[in-house]
Engineer: 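This structure is in structure tokens; I'll ask about it shortly.
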Amino acid sequence: MSPSAVTTISQFLGPLALDNHVALKLSREFYTNFKYLSAESLDQFLPTPISMSILRPVGRQSTGRFLAMDIGGSNLRVGFVELLPDGQDRRLNRLLEQSWPILDNLKNENSERLFGWVGEHIAQVVREGCEAWGLSAEEELPMGVTFSFPMKQTSLSEATLMAMGKGFAITSDLDLGGHLLKGYEQHRTTDLPPIKITAITNDAVATLVSFVYQYPAAPNQKAAMGLIVGTGCNATIPLKLSSLHQNKFPDLISVQQDQDLLNVPIAVNTEWSINGSAEPLRMLGLISRWDEELDKAGEAPGFQPLEYMTAGRYLGELARLIFVDFLTTIHGVSPDDLPQRLHQRFGLSTTFLSHFYPKSHKGDILEQLQKEFDLSADTTFTWISDHADALYRIAKAIQTRAAGIVAAATIGLLRCADEIPNSPGTVEGNTIGRGIVDELVVGYTGGCIQHFQDYLKDTQAFLDFITQEEFAAGGKQIRVTLEPCHDGGITGAGILVPAALASTQA
């Protein structure tokens with residue numbers, strides 16, 4: 001690409017620009033926003049009914065195999081999680097686990113059809129467990145459930161769905177546990193045990209639960225937060241119950257004995273992608289015309305603006321809108337000459353763009369573009385290197401902005417939880433300011449942050465810049481580090497089962 005062409009695409013992508021200093025400002029705005037949402041919003045910062053303090057002591061005393069299920073935006077997984085005694089090389093095993101894609105036709109079905117399909121696969125895995133270990137058909141089998149969608153909980157075993165998003169047609173106010181049990185009973189035969197839903201949680205919460213349980217933290221480290229950047233984007237963190245709106249308090253909270261309930265940190269599902277967190281993005285001018293176009297064409301306009309800018313379901317579609325705009329307005333290409341797929345919603349996938357960069361193992365980017373988007377025989381238009389390079393620069397600009405947003409939101413959330421100082425240059429009164437902890441570790445999972453361009457590396461770089469700029473003056477080195485916590489959805493569901501069974505409810 002010639003220097004003038006580079007300048008042209010760079011100027012065109014100006015509305016996506018987000019550098020270190022913008023990320024720093026955004027982190028401060030997110031802190032203020034998150035403090036407000038935790039105290040006032042009834043749709044975000046949703047508490048789970050189990051305190052984080054119950055997980056380490058109860059979880060590490062528990063052994064055995066526990067049925068677990070994870071319903072994500074793209075896949076259903078069911079299996080058994082085996083918790084091992086202390087002293088083993090690993091903390092747990094995953095047994096008899098199977099995974100099935102949730103196809104679009106299922107997403108568009110009503111709740112009875114969808115949960116009937118889920119129940120069928122639960123029964124399949126339970127049958128294999130009965131055959132492998134001789135499970136009794138007379139005894140209830142406790143199960144932990146991770147559900148990757150917003151929900152409200154009155155107790156750990158009960159949850160009411162809110163609007164799902166991610167392409168699902170099911171609306172809100174649906175009893176999740178009841179529908180799961182009904183779906184399973186449709187397929188349970190007399191030789192299979194009944195199931196009892198012991199714990200229900202969100203995928204971001206499950207990731208934190210799994211991370212806290214498994215991460216071998218050094219004395220100077222603390223496993224502080226769970227982060228999901230896959231099909232969707234979400235985070236969870238322990239917050240004191242007193243920091244939340246009273247109308248969000250669960251009816252029953254599982255705690256250790258003699259704990260002050262209001263000061264107990266409980267796992268909070270932030271649902272930070274929902275529209276309440278859009279204000280900092282608007283304030284700093286980060287929502288472009290392409291973001292607005294994507295939003296208006298979606299299933300629920302205005303519902304999850306942060307997710308549209310950071311998550312795998314949408315980044316490819318955002319790139320498609322920008323690429324078509326660039327080709328038609330800057331290069332003067334007639335829309336009729338472009339492949340039909342480039343005019344179709346989700347016609348350009350995030351997966352394709354993940355490895356679309358120079359010297360990719362997938363091959364030359366022009367050849368990738370030609371192979372992915374065949375041109376009709378009667379067109380005079382041809383793909384050229386400038387087109388391929390422009391698409392790469394679009395993907396990279398989208399990814400860089402997403403990494404900056406996720407890093408800024410992470411720092412804002414850690415501040416909201418009093419894990420790091422809420423004002424530059426101070427360390428007193430926070431986790432970082434007490435004892436020898438100087439590194440907060442965030443457990444992440446999700447294919448998007450792992451595979452889309454340099455998403456993971458750039459997110460860490462933004463985190464390093466923000467912490468250095470904000471806190472170096474305090475005389476104490478602070479680091480926020482991303483560490484993998486893959487498959488936390490299903491392992492977290494399994495870990496919660498014995499914790500829930502052994503806990504005290506207040």
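By convention here, the first residue in the shown sequence is residue 1. Computed from a predicted model, the values in this text were never measured in an experiment.
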Engineer: Is the Phe34-Phe45 ring centre distance short of 6.0 angstrom?
Structural biologist: yes
Engineer: Can you tell me how far CZ of Arg313 sits from SG of Cys233, rounded to the nearest 0.5 angstrom?
Structural biologist: 15.0 Å
Engineer: Using a 4.5 Å cut-off on heavy atoms from C-beta on, say whether the side chain of Leu180 contacts that of Met69.
Structural biologist: yes
Engineer: Could you check Lys359 against Asp364 for salt bridge (Lys or Arg N to Asp or Glu O under 4.0 Å), going step by step and ending with a plain yes or no?
Structural biologist: CA-CA 7 Å; Lys359 298 182 180 180; Asp364 178 77; over 6 Å; no
Engineer: Determine, step by step, whether Thr491 and Tyr213 satisfy the side-chain contact (heavy atoms from CB on, under 4.5 Å) criterion, reporting the C-alpha distance in whole Å, the side-chain angles of both residues, the deciding distance to 0.1 Å, and the verdict.
Structural biologist: CA-CA 10 Å; Thr491 57; Tyr213 183 83; over 6 Å; no
Engineer: With under 30° as parallel and over 60° as perpendicular, where do the rings of Phe373 and Phe352 fit, or are they tilted in between?
Structural biologist: perpendicular
Engineer: So how far is it from Asn202 CG to Leu208 CG, rounded to the nearest 0.5 Å?
Structural biologist: 11.0 Å
Engineer: Checking Asp291 against Ser288 for the side chain to side chain donor-acceptor pair (under 3.5 Å) test, could you report, in this order, the C-alpha distance in whole Å, the side-chain angles of both residues, the deciding distance, and whether it holds?
Structural biologist: CA-CA 5 Å; Asp291 297 304; Ser288 71; 2.8 Å; yes
Engineer: Verify whether the ring centers belonging to Phe326 and His387 lie closer than 6.0 Å.
Structural biologist: no
Engineer: Scan side-chain atoms only and decide if Asn275 and Gln304 contain a donor-acceptor pair under the 3.5 Å cut-off.
Structural biologist: no
Engineer: When you measure from the side chain of Ser210 to the backbone N and O of Ala206, does any donor-acceptor pair fall under 3.5 Å?
Structural biologist: no
Engineer: Let me confirm one number: the CD1-NZ distance from Ile449 to Lys457, rounded to the nearest 0.5 Å.
Structural biologist: 13.5 Å
Engineer: State whether the side chain of Thr400 and the backbone N or O of Ala397 hold a donor-acceptor pair below 3.5 Å, judged by distance alone.
Structural biologist: no
Engineer: Set out, in order, the CA-CA distance, both residues' side-chain angles and the distance that settles ring-ring contact (aromatic ring centres under 6.0 Å, His included) for Phe465 and His21, then state yes or no.
Structural biologist: CA-CA 9 Å; Phe465 176 85; His21 294 283; 5.2 Å; yes
Engineer: Hey, does the side chain of Asp295 reach the backbone of Gly302 with a donor-acceptor pair shorter than 3.5 angstrom?
Structural biologist: yes
Engineer: Could you tell me whether a side-chain N or O of Ser277 sits under 3.5 Å from a main-chain N or O of Trp272, the two making a donor and an acceptor?
Structural biologist: yes
Engineer: Check for a donor-acceptor pair, side chain of Ser360 on one end and backbone N or O of Phe356 on the other, with a separation under 3.5 Å.
Structural biologist: no
Engineer: State the CG-CZ distance between Leu92 and Phe66, to the nearest 0.5 angstrom.
Structural biologist: 11.5 Å
Engineer: Does atom CZ (Phe12) have a neighbourhood of more than 12 heavy atoms from anything else shown, all under 6.0 Å?
Structural biologist: yes
Engineer: Is it the case that the side chain of Arg345 and the backbone of Glu317 share a donor-acceptor pair, with hydrogens and angles ignored and the cut-off at 3.5 Å?
Structural biologist: no
Engineer: So that I know where these two stand, are His486 and Tyr444 an aromatic pair - ring centroids less than 6.0 Å apart?
Structural biologist: yes
Engineer: Look up atom CG in Leu176 and atom CZ in Phe115, then write down how far apart they are to the nearest 0.5 Å.
Structural biologist: 5.5 Å
Engineer: Taking Gln98's backbone N and O only, do any of them form a donor-acceptor pair with His121's side chain (distance below 3.5 Å, no angle check)?
Structural biologist: no
Engineer: Side chain of Thr146, backbone of Asp70: donor and acceptor closer than 3.5 Å?
Structural biologist: no
Engineer: How about Tyr308 and Tyr314: are their ring centroids closer than 6.0 Å?
Structural biologist: yes
Engineer: Can you name the one residue among Asp374, Asp378, Thr379 that meets side-chain hydrogen bond (donor to acceptor under 3.5 Å, both in side chains) with Ser376?
Structural biologist: Asp378
Engineer: Looking at Glu439, is its backbone amide N or carbonyl O close enough to the side chain of Gln221 to form a donor-acceptor pair, meaning the two atoms are under 3.5 Å apart?
Structural biologist: no
Engineer: Quick check for you: to the nearest 0.5 Å, what is the distance between Asn33 atom CG and Cys416 atom SG?
Structural biologist: 9.5 Å
Engineer: Please check this pair: side chain of Thr236 against backbone of Val268, looking for a donor-acceptor N/O pair closer than 3.5 Å.
Structural biologist: yes
Engineer: Please lay out, stage by stage, how Val441 and Tyr215 fare under the test side-chain contact (heavy atoms from CB on, under 4.5 Å).
Structural biologist: CA-CA 9 Å; Val441 189; Tyr215 185 71; 3.9 Å; yes
Engineer: Start with the C-alpha distance between Trp290 and Asp325, add both sets of side-chain angles, then the distance that settles side chain to side chain donor-acceptor pair (under 3.5 Å), and finish with yes or no.
Structural biologist: CA-CA 9 Å; Trp290 303 302; Asp325 189 12; 2.8 Å; yes
Engineer: So do Leu375 and Pro339 actually touch side chain to side chain, heavy atoms under 4.5 Å?
Structural biologist: yes
Engineer: Decide yes or no on side-chain contact (heavy atoms from CB on, under 4.5 Å) for His355 and His361, but give the supporting numbers first.
Structural biologist: CA-CA 8 Å; His355 303 288; His361 69 277; 3.5 Å; yes
